[in-house]
Structure formats: structure tokens, C-alpha cells
Amino acid sequence: MRLGIGMRLGLAFTALTACAVVVGVFSIGRMGQIGDGLREVGHVRAQTLELVCNGLSLAADQAREVAHVVGAQTADEFEKFARELEEVDRKEDQIIAAAEKAVDSESERQAFARLEGLQKRLEDALARSHALAREG
């Protein structure tokens with residue numbers, strides 16, 4: 001069977017159009033999957049960023065309370081600022097616990113282990129200064 005030039009061109013154009021439609025449908029499906037993946041990654045990163053910002057805010061609060069404790073003139077002032085510092089430390093513990101749940105690498109685990117050691121040393125120093133303040 002012999003087809004004329006018009007018919008051959010029409011069939012070739014139809015085949016190319018069908019291929020373009022298949023590629024387009026496949027591409028749109030993949031873009032949807034990529035978009036879902038990006039939203040998931042963005043959500044995780046947003047949570048991490050929120051933890052970091054909260055941690056920085058608490059660090060500033062902690063530094064301010066430590067400055068107040070150091071500058072306290074009376075035992076009552078010291079006690080008041082020490083209680084406020086303990087509240088900041090409690091919030092810090094909550095943020096650290098939330099961040100530890102999101103750990104996914106060995107280097108992050110090691111960083112939290114080092115942080116725990118530093119935190120223990122800080123708590124010991126605060127307990128000693130608290131005891132010294134009570135002794136007079």
C-alpha cells in the first residue's frame with residue numbers, strides 16, 4: 001500500500017504529538033513527586049530552623065540571667081535570678097530534647113554528647129555558686 005506524502009507527514013506528526021503527550025504526562029507526574037519531596041524537606045528544615053532560633057533566644061535569655069546572677073547585690077536578688085535561670089534551663093532542656101529526636105548522623109550525636117558534658121559542668125558551677133551565696 002502506497003501512502004501519499006500528505007498522509008505520511010500526517011502520520012509522522014501524529015506519532016510525534018503522541019510521544020510529546022506521553023513525555024509531558026510523565027514529566028508532570030515527576031514534577032508532582034519532586035514538589036512533594038521538596039515540601040517534605042522544607043518542612044524538616046523549617047522545624048530545624050525554628051529549633052535553632054528558639055535555642056539562640058534561650059541562649060540570650062540565659063546570658064542575661066547569668067549576668068543578673070553575677071551582679072546580684074543581695075541573697076534575695078540572687079535567689080530570684082537563680083530561679084529565673086533555672087526556668088530558662090528547663091526550657092533549654094525541652095529544646096535540646098526536641099532537637100535530639102531529629103538527629104540523623106553520628107557527628108550530630110557526638111555534638112549532643114559534648115553538649116551534655118558542658119551542660120553538666122555548667123550545672124555544677126551554678127550549684128557551687130548557689131551554695132556559696134547561701135553560706136554568705
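In this text, all values refer to a predicted model and were calculated from it rather than measured experimentally.
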| field | Sequence-distant partners of Asp76, side chain to side chain donor-acceptor pair (under 3.5 Å), two or more places apart | value | none

| message | Which residues pass the side chain to side chain contact (heavy atoms under 4.5 Å, CB included) test with Asp93, not counting sequence neighbours? | response | Gln119

Between side-chain atoms of residues 21-35 and protein atoms elsewhere (two or more places apart, or another chain), which donor-acceptor pairs fall under 3.5 Å?
residue, atom, partner, partner atom, Å
Ser27, OG, Val23, O, 2.8
Arg30, NH1, Gln33, OE1, 2.6

| remark: For Leu9, the other hydrophobic cluster members (4.5 Å side-chain criterion, sorted by chain and number) are Ile5

| query | What distance separates Arg2 CZ from Arg8 CZ, expressed to the nearest 0.5 Å? | reply | 7.5 Å

| request: Keeping the roles fixed (side chain from Ser57, backbone from Cys53), state whether a donor-acceptor pair exists under 3.5 Å. | output: no

| field | Gap between atom CD of Gln94 and atom CG of Asp89 - 0.5 Å precision | value | 11.5 Å

| Partner set under salt bridge (Lys or Arg N to Asp or Glu O under 4.0 Å) for Glu87, not counting sequence neighbours | Arg90

| note | Sorted by chain and number, sequence neighbours left out, side chain to side chain donor-acceptor pair (under 3.5 Å) with Glu77 holds for none

| task | Mind checking side chain to side chain contact (heavy atoms under 4.5 Å, CB included) for Asp36 and listing every partner two or more places apart, or none if nothing turns up? | result | Arg39

| message | Does anything in residues 48-63 form a salt bridge (charged side-chain N to carboxylate O under 4.0 Å, His left out)? List the pairs, not counting sequence neighbours. | response | Asp61-Arg64

| task | In sequence, state the C-alpha distance, the side-chain angles, and the governing distance for Lys120 and Asp124, and then conclude on salt bridge (Lys or Arg N to Asp or Glu O under 4.0 Å). | result | CA-CA 6 Å; Lys120 178 72 174 137; Asp124 290 345; 3.4 Å; yes

| field | Set of side chain to side chain contact (heavy atoms under 4.5 Å, CB included) partners for Ile95, sequence neighbours left out | value | Leu51, Asn54, Leu58

| field | side chain to side chain contact (heavy atoms under 4.5 Å, CB included) involving Glu40 - partner list, sequence neighbours excluded | value | none

